[in-house]
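One structure is given below, encoded as structure tokens.
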Amino acid sequence: MPYSIAIDGPAGAGKSTIAKAVAKSLGYYYVDTGALYRGLAFGLLQKGVPFVNEKAVEEEIKNIDVELLYEDGVQKVLSNGEDCSAYIRTSEIGEGASVISQYASVREKLLDLQRNVARKHSCVMDGRDIGSVVLPHANKKFFLTASCEVRAKRRTLEFQEKGESADYETILDEVKKRDERDMNRAVAPLKQVEDAILIDSSNLSIDEVVDCILSYCVGSEA
């Protein structure tokens, strides 16, 4: 039977980095669900559909196919057959993904795709509603968080390392607004489910967080 690990948490908590490292250590598939929403946002942006127009988004996503492919263990995101992996990490796409993820039609479109991966493969999946909605029966659930200030600093550094301009105060404001939106949306809001293990990564290194998660998982896969 495939073994599933769900990692939820707010933007900038390090979910993708941690989930990727845990999956590699265990030899599992890594499923970055946020990349799927970003793939849809990428397709909508290409077609000029405003993210805030829910009705237009609901209609246009019928014409956008988003896929996850794995090559040599590396996840790629395709939007209508185009590999958009290198283009979906911009602030604009991230903001767009956050906006459209509030829409029931968007979440419904991607739900089966996410669940199908877990049915076929042992995996580590990260997002906002993995433990609560996507994989409510996951073998292990974690809620990874960090202070708004720490997450904003990480994001600022991330952009700067890519050679992009980044203002800490602006990013901090975006982080707070995104938290508010994610936690208060009507459909599948961000929350820590009762059986999820809370990990605050504010003062922990990546390796320390990975080791902590593995300590709960290794030996319990059976």
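All values reported here derive from a predicted model rather than from experimental measurement.
Among the candidates Leu144, Ile18, Ile206, Thr17, the single residue satisfying the side-chain contact (heavy atoms from CB on, under 4.5 Å) test with Ser201 is Leu144.
Annotation: side chain of Leu45 is in contact with side chain of Phe51 (closest heavy-atom distance under 4.5 Å). Residues Arg178 and Arg151 fail the side-chain proximity criterion, which asks for heavy atoms closer than 4.5 Å. In this structure the side chain of Ile93 never reaches within 4.5 angstrom of the side chain of Tyr87, judged on heavy atoms. Between Asn139 and Ile5 there is no side-chain heavy-atom pair separated by less than 4.5 Å.
Without hydrogens or angle criteria, Lys109 side chain to Ile61 main chain gives a donor-acceptor distance under 3.5 Å. Asp8 contributes a side-chain N or O that, together with a main-chain N or O of Ile130, makes up a donor-acceptor pair within less than 3.5 Å.
No hydrogens or angles considered: nothing links the side chains of Asp207 and Ser205 as a donor-acceptor pair under 3.5 Å. In this structure, a donor-acceptor pair under 3.5 Å is absent between the side chains of Tyr28 and Ser4.
Taking OG from Ser101 and CZ from Arg38, the interatomic distance works out to 10.5 Å, rounded to the nearest 0.5 Å.
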(request) Begin from the C-alpha positions of Arg181 and Ser98 and carry the test side chain to side chain donor-acceptor pair (under 3.5 Å) through to its verdict. (result) CA-CA 8 Å; Arg181 189 162 57 229; Ser98 178; 2.8 Å; yes
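Across Ile171 and Phe159, no two heavy atoms sit closer than the pair CD1-CD1, 3.8 Å.
Using bins of under 30°, 30° to 60° and over 60° for the plane-to-plane angle, the ring pair Tyr29/His121 lands in the parallel bin.
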